[in-house]
Number of protein chains: 2
Amino acid sequence: MSQDFADRIVAARAPRRETKSLIYQHALRLFAERGYARTSLRDIAEAVGLEVPSLYTHIASKQSLLFDLMEFGNSELLARLEAAVAAVPGDRPLDQLYVLVRENVISHCRHRDQTKVVFTEIRELADRQRPRILSLRRSIEDLFRDTIGRAVDAGSAREVDVTVTAFGVLAIGRGAATWYHDDGELTPEDIGDLYAEQVVRGILAPKLAAKWSRPQL
Amino acid sequence: MSQDFADRIVAARAPRRETKSLIYQHALRLFAERGYARTSLRDIAEAVGLEVPSLYTHIASKQSLLFDLMEFGNSELLARLEAAVAAVPGDRPLDQLYVLVRENVISHCRHRDQTKVVFTEIRELADRQRPRILSLRRSIEDLFRDTIGRAVDAGSAREVDVTVTAFGVLAIGRGAATWYHDDGELTPEDIGDLYAEQVVRGILAPKLAAKWSRPQL
DNA sequence: CCTACCGATCGGTAGG
DNA sequence: CCTACCGATCGGTAGG
């Protein structure tokens, strides 16, 4: 066995974290651009600067790569949203909804690749992997449902269908990821404020319409 | 050449319209379920009850099948939306917006497979085919932009960003296609009314908030 | 981390 | 509308 061969086998047994990170970065970008089914392991390997079999030092399969990206993407979004709600007192549900919608829009604009992959490629997961991702997604939906529900219960919002309203709000955020560009006139914060105000006014109790104004954050 | 062979060649030269229709029906369903890239011509042929080469009596290629479905889906939606707006006088832009949002939601709920394919598979089109589809999509967007813009100009709506608002409304409709089920409690019309009211109230001039009510259709 | 390789599947064609 | 077939590409493995 030559020195060269030995070095390469050692490299395979002591995988570099940096390489793994590059694999995930390029996989996310390529999955978002072309879709999971149209991205081959050859594409990913080439982007990273490896041969295909070398990828298997770092990942278990193409599918596990997708699963990891989807789990991280959903978890990160959920954490951001929970932090946003927690920053506003619970007795002001309309303001909580405002920051929730705003943070959701901002996150989707800032992490467009994550959004595209997370919401387009669910059907590509194995049946065994899917429940975990759906569960995370449901937690996000529940956060919106709960906040809207408390605004209704407090009499600050009209008696809207909580689930349908929540789904509409979530769709607006995902939509932003499909058209937002960094070189546009509006920042993610601008867009977040714009949608948050429309959503709150859309369900606001009419008696509050004249005096409601955007929360000072 | 046997009688049997001759019959089959004749059948190929005189394709039945019914067969072509079945191919498009099953292709739409399968593309919506699994995605274009994950649907093989073998899947489609099997669903229709043919062998793969027989498909080519009716279609030019897999890609042309997708293009035809996307062109039809977008054209049909545009026609429905234009009809909805035209049914309301032009001097009532808020009511026009209401019926526009409502019809958009209803159409997406009723034609979920079309929605899924039309908005997910654009990247699968050839560069030569894509402009035609993007042009149809832009006409739909313009219809919303124009209606919202006239509501703003008339002073009935706040001075919102017309494009961002239109994209939000369109996203809500597309979103409905992903979660609506025929066996739910709400009809497409219910959901259409719900979202239409939220959208109109969301941009309504505050001075009109107390007295605005859903248009009688 | 690489070379060499494999079975499966793909869209599509030839020819009748 | 079918049988027979093809070159390209896929995810992944053996072995060092």
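Because only heavy atoms are used, hydrogens play no part in the values below, and waters and symmetry mates are left out as well, while side chains stay in. Chain identifiers are assigned alphabetically (A, B, ...) following the order of the sequence lines, protein sequences preceding nucleic acid strands; residue numbering begins at 1 within each chain.
- Comparing atom distances between the A:R42 side chain and each of D:dC2, D:dC10, C:dC1 picks out D:dC10 as nearest.
- Which of C:dG12, D:dG12, D:dC1 sits closest to the side chain of A:S61 comes down to D:dG12.
- The nucleotide whose nearest atom lies closest to any side-chain atom of A:E51 is, among C:dT3, D:dG12, D:dC2, C:dT3.
- The distance between atom CD1 of A:I23 and atom C1' of C:dC1, rounded to the nearest whole Å, is 11 Å.
- Taking atom CZ of residue B:R38 and atom P of nucleotide D:dC10, one finds them 11 Å apart after rounding to whole Å.
- Side chain of B:L41, nearest nucleotide from C:dC1, C:dG12, C:dT3: C:dG12.
- If B:Y56 and A:T19 are placed on DNA chain C by their nearest nucleotide, the residue sitting closer to the 5' end is A:T19.
- Within the structure, every side-chain polar atom (N or O) of A:T57 is placed at least 4.0 Å from both OP1 and OP2 of C:dC1.
- The distance from atom CG of B:L50 to atom P of C:dG12 is 16 Å, rounded to the nearest whole Å.
- Under a 3.5 Å cut-off, the side chain of A:D68 and the backbone N or O of A:L65 do not form any donor-acceptor pair.
- Taking atom NZ of B:K62 as the reference point, atom C1' of C:dG12 lies 12 Å away to the nearest angstrom.
- Rounded to an integer number of Å, the gap from A:L65 CG to D:dG12 P is 10 Å.
- Put simply, A:S40 has a side-chain N or O that comes within less than 4.0 Å of OP1 or OP2 on D:dC10.
- At a threshold of 4.0 Å, the pair B:R150-B:D146 counts as salt-bridged, since one of the basic side-chain nitrogens sits closer than that to a carboxylate oxygen.
- Of all nucleotides listed (D:dT3, C:dT3, C:dG11), C:dT3 comes nearest to the side chain of A:P53.
- A:R42 is linked by a side-chain hydrogen bond (donor to acceptor under 3.5 Å, both in side chains) to nothing, counting only residues two or more places apart in sequence or in another chain.
- As a whole-Å value, the separation of A:L55 CG from C:dT3 P is 13 Å.
- Atom CD1 in B:I59 sits roughly 13 Å away from atom P in D:dC1 (whole-Å rounding).
- Separating the CD1 atom of A:I44 from the C1' atom of D:dG12 is a distance of 14 Å, rounded to the nearest angstrom.
- Residue A:S54 has its side chain nearest to C:dC2 when only C:dC2, C:dC10, D:dG12 are considered.
- Between A:F31 and the options A:F119, A:Y36, A:Y24, a ring-ring contact (aromatic ring centres under 6.0 Å, His included) holds for only A:Y36.
- As the counterpart of C:dC1, D:dG16 is assigned, both hydrogen-bonding distances of the Watson-Crick or G-U wobble pattern falling under 3.5 Å.
- Side chain of B:T178 to backbone of B:R174: no donor-acceptor contact under 3.5 angstrom is found.
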